[in-house]
Number of protein chains: 2
Amino acid sequence: MAYTIKDVAKKANVSIATVSRILNNQKGYSEQTKKKVLKAIEELDYHPNAIARGLINKKTSTIGVLFPALSSMLATELLAGIEKTAHELGSSVIVCHTESNGLKTMKYLQLLNEKRVDGIIFTSEILKEEYYEFIQKMNIPLVLLSTESRAYPVPYVKVDDRRAAYAAVQYLIKQGHKRIGMISGNDQDMIAGKPRIEGYLDAMSDYGLPADDSFIARMKGFKFSDGTEGLKLLKKQLPDVTAVFAASDDIAVGAISSAYRLGIRVPDDLSIIGYDNLKIADMTIPPLTSLAQPFYEMGEKAAQMIFDLMDGDELIESRIMPHSIAERNSVLKLGS
Amino acid sequence: MAYTIKDVAKKANVSIATVSRILNNQKGYSEQTKKKVLKAIEELDYHPNAIARGLINKKTSTIGVLFPALSSMLATELLAGIEKTAHELGSSVIVCHTESNGLKTMKYLQLLNEKRVDGIIFTSEILKEEYYEFIQKMNIPLVLLSTESRAYPVPYVKVDDRRAAYAAVQYLIKQGHKRIGMISGNDQDMIAGKPRIEGYLDAMSDYGLPADDSFIARMKGFKFSDGTEGLKLLKKQLPDVTAVFAASDDIAVGAISSAYRLGIRVPDDLSIIGYDNLKIADMTIPPLTSLAQPFYEMGEKAAQMIFDLMDGDELIESRIMPHSIAERNSVLKLGS
DNA sequence: TTGTACGCGTTATCAG
DNA sequence: CTGATAACGCGTACAA
């Protein structure tokens, strides 16, 4: 059995109160006794019990993070950022894999509640009413990451997808492209789907370029297979397309792969720009130009916000993170 | 403030003991009172405090997992498997990102100790003496995942790298290749480095094929850049190579990329087989044939073992997980 | 400067 | 079947 504060007290011939004081470096003891106690702690190899501490302090130094999918590069970059900041600030993070499943999500929320986590980061998904209500009752800080809520006043950290998409398309336009198509993810997705389509449309419209329904291949998801299918579809709908904006890197990579099979050279025959700038963007042939989301930093920021909220900073503002273009070689500059 | 068992007891006009019994569905109460209590619980929306429970039960239903790198597909597949099983068995998982840093690792171990986690899964790295000793003192189950220890009797879950490498090379041989090179990771790495080289050498030797130093490009790591550099090096050392065994998928992808730039066609001019079978293997051009490690299942198994150990199963045996070949299109079958 | 004693929310051991 | 009550390990008024 592990030693307790009592054992230390006994060994050092002091009361547990004194030991506690020294442990939490408060004041109220002589250097003398401090040394005595420290020595006892050392000798016993005593380590305070965070559980007992949590019970009395009503603070567990643990936060919960919910992911719809764990094994995606995106999630892990976020997680890495969260974990780093949390650890720096003395907290641990419990990961929860919801699979976008309502029941599972509620189960996790129950769990996190019983474990009395200090805060929750909810990522990459719509915050349903049920979730929100429950977390409200838990009465702990909540931050949305890589998602946002129109329905509830919850601070979030994300890029402005509409503007980011606009920027990506604008980049294509500035390279001289005019017939620009898009392979979009699920257009019912109000977070990552619709805004990116709107951004695309905004840009095309602003620059006086045509873009009707035949310019967009609306897929069901944001995966590699959506990219392979998407490109075929788009090519059928818009044979003279010279550049495509893919709503995710996975889609973009799928498109590149599909293009290769179709004998379409990238970027010579067709330019492609991705979205997310995952590690994979560096590994494709050609390396993929992509709209970069700063996932790691977003994770850091979200964790930071949780702690600010815990510290009572009443009104934390949401944070729109800056996007940028990671320029590589999948987009051809067209001569005028 | 959240309600406590006391509030429930009061509301239901029973003692906290009775409430506790019902909560933990033990016996010793009438259906009558059970209903009363359940109603009170419902009305108050009471949720037991896992911290208080942990204090008295000496069980936190939490395990800690240490990763040297979080944002790698490999780690996240492992994590996903661990998380799934842990959750099924009623536990949460705390992730720790050590960055292969001794000090950070010890700090995390301290933390996990203070948090009184029920067990620890240590992944993808050498278990140093310092770590082992500390965890020994913690006196909780420890399982090694995707690594093993020669120095200490700790159960592990991993594939047999030497045999797996052998299998990969054998596959190449069976496709008719004879001039087979290898791009290896760090040969000082006793877990993922050396055994794979040995497996390669074993296979070449068993089939009477030549394989001296010029057949191996020994790189520093297992990354994409090691693959790009590795291929160039190998091509210089062994100009007539027809197939290469890459010690990781990242290396393999780098090699493919490098080959492309060098005007070497894969698989027509050069066959490449990877190692790990990450998601990325599906996305390359051509899709990468790779030696598959069942990461997700390995994570599941490791978690399972932790719980078996917690349940007192004294001697848990290590588990060598089966590898396989994920056949895609990066290896050419040579005519006899 | 130091020690006593109570409480944090549970579970478990006794009596009744 | 039920209810006090003592732990669990620690922090902290309060007293000394």
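Proteins come first, then strands; the chains are lettered A, B, ... in the order of their sequence lines, and each starts at number 1.
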Margin query: Please tell me if T33(A) has a side-chain N or O lying less than 4.0 Å from either OP1 or OP2 of dT2(C).
Written below: yes
Less than 4.0 angstrom between a side-chain N/O of T18(B) and OP1 or OP2 of dC1(D), yes or no? no
Atom CG of N24(B) and atom C1' of dG9(C) are separated, to the nearest Å, by 13 Å
Taken to the nearest whole Å, NZ/K6(A) to C1'/dG9(D) is 8 Å
Taking for A17(A) and for A52(B) the nucleotide of DNA chain D with the nearest heavy atom, the one nearer the 5' end belongs to A52(B)
Look at S30(B) and dT2(D) and indicate whether a side-chain polar atom (N or O) is within less than 4.0 Å of OP1 or OP2.
yes
Self-check item: Ring geometry between Y152(A) and Y132(A) (parallel below 30°, tilted from 30 to 60°, perpendicular above 60°)
Solution: parallel
Side chains of K115(A) and S92(B): any donor to acceptor distance under 3.5 Å?
yes
Q. Hey, is the side chain of K58(B) poking within less than 4.0 Å of OP1 or OP2 on dG9(D), counting only N and O atoms?
A. yes
Taken to the nearest whole Å, NZ/K36(B) to P/dC1(D) is 14 Å
To the nearest angstrom, the CZ-P distance between R53(A) and dT12(D) comes to 10 Å
With the side chain defined as heavy atoms from C-beta on, N57(B) is closest, among dT11(C), dC10(D), dT10(C), to dT11(C)
Side-chain contact check for T4(A): nearest option of dG9(C), dA4(D), dG9(D) is dG9(D)
query: Using a cut-off of 4.0 Å on non-hydrogen atoms, how would the nucleic acid contact of V14(A) be classed: base, sugar-phosphate, or nothing?
result: sugar-phosphate
Stepwise salt bridge (charged side-chain N to carboxylate O under 4.0 Å, His left out) test for K84(A) and E88(A): CA-CA 6 Å; K84(A) 178 214 162 208; E88(A) 279 176 4; 3.6 Å; yes
So, is Q26(B) close to the dA12(C) phosphate, meaning a side-chain N or O under 4.0 Å from OP1 or OP2? yes
When rounded to whole Å, the CD1 to P distance for the pair I56(A) and dG9(D) reads 14 Å
Picking from dT12(D), dT2(D), dG9(D), the nucleotide nearest the side-chain atoms of N49(A) would be dG9(D)
TODO: For K27(B), report the nucleic acid contact type (base, sugar-phosphate, nothing); a contact means any heavy atom under 4.0 Å.
DONE: nothing
Atom CG of L55(A) and atom P of dG11(D) are separated, to the nearest Å, by 11 Å
Ring centre gap for Y46(B) and Y3(B) strictly below 6.0 Å:
no
| When you check the side-chain N and O atoms of S318(A) and E148(A), is any donor under 3.5 Å from an acceptor? | no
When rounded to whole Å, the CZ to P distance for the pair R21(A) and dT12(D) reads 10 Å
Against the side chain of I5(A), the closest entry in dG11(D), dA12(C), dT2(C) is dG11(D)
What is the nucleic acid contact for I16(A), judged by heavy atoms within less than 4.0 Å: base, sugar-phosphate only, or nothing?
-> base
Heavy atoms only, 4.0 Å cut-off, all strands: where does Y46(B) land among base, sugar-phosphate and nothing? sugar-phosphate
Q) Aromatic ring centroids of H97(A) and Y108(A) under 6.0 Å? A) no
From CG of L23(A) across to P of dG11(D) the rounded distance in Å is 6 Å
Quiz item: Ignoring hydrogens and angles, are the base of dG9(C) and the side chain of R116(A) linked by a donor-acceptor pair under 3.5 Å?
Solution: no
